[in-house]
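As structure tokens, the structure follows; a few thoughts come after it.
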Amino acid sequence: MSQSQLMLEVLSGPLDGTLITLNADAEWSQAGDGRLAFPWDEELGKPQARFTVDEGGWSLEGLQSPHGTYRLNQEKPERVKDKIQLTIGDLLKASQTWLMVRE
């Protein structure tokens, strides 16, 4: 996975199968017009979570959202609160929106 960009595949909703490339920090949200805004998912937070990049690579931080943000590729689903380092294949879920880290 490149430190300068993050590729996510949308696995749900009207954009199912769409690849989204991030080149800078971004918020995963129900509101707004950014690359990670999913207005059809009314339970997503405003914002839900934040993707950030630094010298260590890409990470995800869950924000104060009532439904939570999860990494599901672990034996036990992990609720994301503090920053977690992302790796290829991570399956992420918030409300009805699913994303997979591709590269």
task: Would you list the pairs meeting salt bridge (Lys or Arg N to Asp or Glu O under 4.0 Å) in which at least one residue belongs to residues 6-23, sequence neighbours left out?
output: Glu9-Arg102
- line: Residue pairs meeting salt bridge (Lys or Arg N to Asp or Glu O under 4.0 Å), one or both in residues 48-77, sequence neighbours left out, come to Glu27-Arg50, Arg50-Glu61, Arg71-Glu78, Arg71-Asp90
Taking only residues two or more places apart in sequence or in another chain, which ones pass side-chain contact (heavy atoms from CB on, under 4.5 Å) with [X]?
| X | result |
| --- | --- |
| Lys81 | Arg79 |
| Ala94 | Trp28, Leu44, Gln48, Thr69 |
| Ala26 | Leu22, Leu36 |

Looking at [atom1] of [X] and [atom2] of [Y], how far apart are the two atoms once the value is rounded to the nearest 0.5 Å?
| X | Y | atom1 | atom2 | result |
| --- | --- | --- | --- | --- |
| Leu86 | Ser59 | CG | OG | 6.5 Å |
| Met7 | Thr21 | CE | OG1 | 4.0 Å |
| Leu8 | Leu99 | CG | CG | 5.5 Å |
| Leu92 | Asn73 | CG | CG | 7.5 Å |

task: Count the heavy atoms of every other residue, nucleotide or ligand shown that sit under 6.0 Å from CD of Gln85, and state whether that count exceeds 12.
output: yes
Contact check, side chains of Trp40 and Leu15, non-hydrogen atoms, under 4.5 Å: yes
task: Would you mind listing the cluster partners of Met100? Hydrophobic ones only (ILVMFWY), side-chain contacts under 4.5 Å, chaining allowed.
output: Leu11, Tyr70, Leu72, Leu91, Trp98
task: Check the hydrophobic clustering (I, L, V, M, F, W, Y; side-chain heavy atoms under 4.5 Å; chains of links allowed) and say if Leu63 and Phe38 are grouped together.
output: no
Shortest non-hydrogen separation from [X] to [Y] and the atoms involved:
| X | Y | answer |
| --- | --- | --- |
| Ile20 | Arg35 | CD1-O, 3.4 Å |
| Ala31 | Ala37 | O-CB, 3.6 Å |
| Ala49 | Gly62 | CB-CA, 4.2 Å |

